[in-house]
Amino acid sequence: MIVSRALAGLAIMLCALMSSSARAGLGEPSLQEIDDAITELDVQRARELIDRVTTESPGLALLRARLANYLGDCDTVAAILSSPELAAADTTGLGDVGRRCAGVIAGATVIEDAGSGIRLVLQDDADRVLVPFVTDVVVRARAHVEHDLGVRFPRPLRIVMVRDLFSLSAVSGLPLAAAETTGTVAVARWGRVTIISPRATALGYPWEDTMAHELTHLALSRATRDFAPLWLQEGVAKREETRWRAPRPFDRTPDPTETARAAMLSGRSVGIDKLGPSIAMLPTPEAASIAFAEVASFVSYWIEQNGAPAFQLLLDDLKGLGSHDADGAMRSVTGFPLTYWVARWRAALMAVPPEARPGEPPTRARGSTPARAKPDELARQVRLGDLLQARGYSAAASLELAPALAQAGSEAAIRWRAAKAELGAGRIEEARRRLGTVADVDAVVGPWFALSGRLDRTAGAGEAAEQAFRLGISADPLSEEVACEGSWAPRSPGAIGAPPPTVPKDPARRALCEAVRASSRD
């Protein structure tokens with residue numbers, strides 16, 4: 001998700017028109033040059049250009065504030081824009097972002113890794129144990145995005161990890177209501193990625209692919225000087241989410257092309273060029289999901305038809321033409337406007353019969369919860385099972401979870417709990433049966449893969465176990481079962497029957513396991 005280009009406001013442009021030509025004759029840079037350098041994430045060049053300007057102006061002060069925000073210096077942003085004159089000229093809300101951001105990151109942990117070219121700001125120091133994993137993902141995803149987009153990120157790359165949606169809104173400027181409505185967990189804005197810690201949700205979320213998505217937004221801003229239209233931003237970001245790594249289960253579940261086709265047939269299509277200022281600001285989660293599917297499907301189709309070199313030319317032309325209207329760049333690269341390609345894509349969607357009937361969503365590729373399953377009853381069974389398991393009554397937890405498993409057998413979270421209860425009772429083979437295989441579940445749930453890895457390793461399948469442990473970390477690294485490779489410590493001093501807790505051999509995973517056990521989210 002990305003919010004549209006945050007220029008320093010109308011005041012900058014007016015000042016640029018009045019004073020840039022005069023200064024250019026003296027060899028001074030124009031305000032537009034500085035603004036462009038900031039937009040392209042070239043903060044070092046922006047600093048140098050600002051230092052060469054000798055004539056003070058409100059526009060220059062606003063650019064200093066904008067550069068400070070890109071550098072993560074929120075206190076300086078707030079200080080500069082505390083002036084009534086500049087506050088009145090600040091049409092982008094940058095001053096408010098600076099003040100709120102300063103409150104969020106006050107006392108934050110800052111980790112500079114010169115070797116990796118990353119600057120990581122952690123609102124919560126407890127997330128320090130995630131640093132090796134975050135660094136690994138950023139380095140690998142950044143390299144792949146740079147290759148695909150033909151652009152190189154300046155170093156350091158700035159990442160901010162926050163506790164919750166309130167902090168995400170404060171640091172990024174995204175309205176809180178929009179983030180809550182669409183379930184936004186990360187934003188690429190102001191030259192950095194701001195991402196919520198996996199500890200903020202009960203079962204984590206796919207934070208690794210989210211990071212790759214947001215890095216792509218930053219790369220597109222740099223490659224096009226932020227003139228990539230929203231459909232291109234989001235379509236390319238969705239495409240890059242998984243290209244940096246090996247394929248994983250559920251990578252195309254649901255399939256974006258099938259989702260786009262079903263939305264078109266049912267009249268729920270959002271439209272490639274009707275996304276508004278941000279997908280995160282669409283009215284419903286369903287609309288956001290459809291919009292993501294449509295732009296992902298369209299961009300993949302366009303690149304398949306025109307090739308990767310044409311894609312990189314499109315980015316260059318968008319930057320050169322300096323317009324969010326992609327028609328000029330589209331005509332330059334392909335000879336046809338956007339409407340032509342949208343029509344061809346829609347025709348291609350309809351050329352293959354949809355799996356679902358018109359007006360219905362695509363049929364789920366995997367099992368679904370039977371109609372007899374009652375959410376309230378399932379919740380009661382799961383909660384009681386959790387309480388029994390926490391006190392070491394694994395056999396009783398198994399009995400309580402059996403009806404839930406029978407009713408919602410495709411729910412990975414229920415299969416994981418049922419298998420955990422069997423492992424706690426020492427019934428390994430029954431644990432295997434209850435856990436099932438990837439074909440039996442319908443989503444990546446970290447603890448399910450952690451227990452799968454533990455059982456694989458017990459059976460001597462070391463490579464499969466490692467893949468399962470890695471998948472668990474990609475979804476929910478702060479679950480004890482995930483952090484500790486399928487092992488857990490009893491939650492009650494009087495717990496009985498629990499297997500002895502173990503720790504991973506890998507130093508980073510061992511530190512993660514020990515930290516999670518020391519501060520359980522329960």
Whether Thr216 side chain and Ala212 backbone form a donor-acceptor pair below 3.5 Å:
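Checking the backbone N and O of Ala212 against the side chain of Thr216, a donor-acceptor pair under 3.5 Å is found.
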Practice task
Please name the pair of heavy atoms, one in Arg142 and one in Gly117, separated by the smallest distance, quoted to 0.1 Å.
Solution key: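 It is NH1-O, 3.1 Å.
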Hey, what do you get for [atom1] ([X]) to [atom2] ([Y]), rounding to the nearest 0.5 Å?
| X | Y | atom1 | atom2 | answer |
| --- | --- | --- | --- | --- |
| Trp488 | Glu480 | CH2 | CD | 9.0 Å |
| Ile303 | Gln312 | CD1 | CD | 9.5 Å |
| Leu314 | Trp302 | CG | CH2 | 4.5 Å |

key: Within 6.0 angstrom of Arg155 CZ, more than 12 heavy atoms from elsewhere   =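 It does: Arg155 CZ has more than 12 such atoms within range.
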How about Phe166: does its CZ atom have over 12 heavy atoms from other parts shown lying under 6.0 Å from it?
->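 12 or below, so no.
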Compare all side-chain heavy atoms of [X] with those of [Y] and state whether any distance is below 4.5 angstrom.
| X | Y | answer |
| --- | --- | --- |
| Arg248 | Asp209 | yes |
| Thr253 | Asp442 | no |
| Leu265 | Arg261 | yes |
| Arg346 | Ser269 | yes |
| Arg417 | Val382 | yes |

Donor-acceptor pairs under 3.5 angstrom involving side-chain atoms of residues 126-136: please list them, not counting sequence neighbours.
residue: Asp127; atom: OD1; partner: Ser197; partner atom: OG; Å: 3.0
residue: Asp127; atom: OD1; partner: Arg199; partner atom: NE; Å: 2.8
residue: Asp127; atom: OD1; partner: Arg199; partner atom: NH2; Å: 3.1
residue: Asp127; atom: OD2; partner: Ser197; partner atom: OG; Å: 3.2
residue: Arg128; atom: NE; partner: Asp125; partner atom: OD1; Å: 3.2
residue: Arg128; atom: NH2; partner: Asp125; partner atom: OD1; Å: 3.0
residue: Thr135; atom: OG1; partner: Val131; partner atom: O; Å: 2.8
residue: Asp136; atom: OD2; partner: Arg140; partner atom: NE; Å: 3.3
residue: Asp136; atom: OD2; partner: Arg140; partner atom: NH2; Å: 3.2
residue: Asp136; atom: OD2; partner: Arg470; partner atom: NH2; Å: 3.4

Taking only residues two or more places apart in sequence or in another chain, which ones pass ring-ring contact (aromatic ring centres under 6.0 Å, His included) with Phe298?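 Scan of Phe298 (ring-ring contact (aromatic ring centres under 6.0 Å, His included), adjacent residues dropped) gives Trp231, Trp345.
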> Going by the side-chain hydrogen bond (donor to acceptor under 3.5 Å, both in side chains) test, which pairs reach into residues 94-103, not counting sequence neighbours?
Replying inline: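 Listed once each, the pairs are Arg100-Ser169.
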Does one side chain, of [X] or [Y], offer a donor that lies under 3.5 Å from an acceptor on the other?
| X | Y | answer |
| --- | --- | --- |
| Ser221 | Arg189 | no |
| Asp36 | Thr39 | no |
| Asp90 | Thr92 | yes |

task: Just do the side-chain contact (heavy atoms from CB on, under 4.5 Å) check on Val270 and Ile279 with the steps written out, would you?
output: CA-CA 10 Å; Val270 175; Ile279 287 183; over 6 Å; no
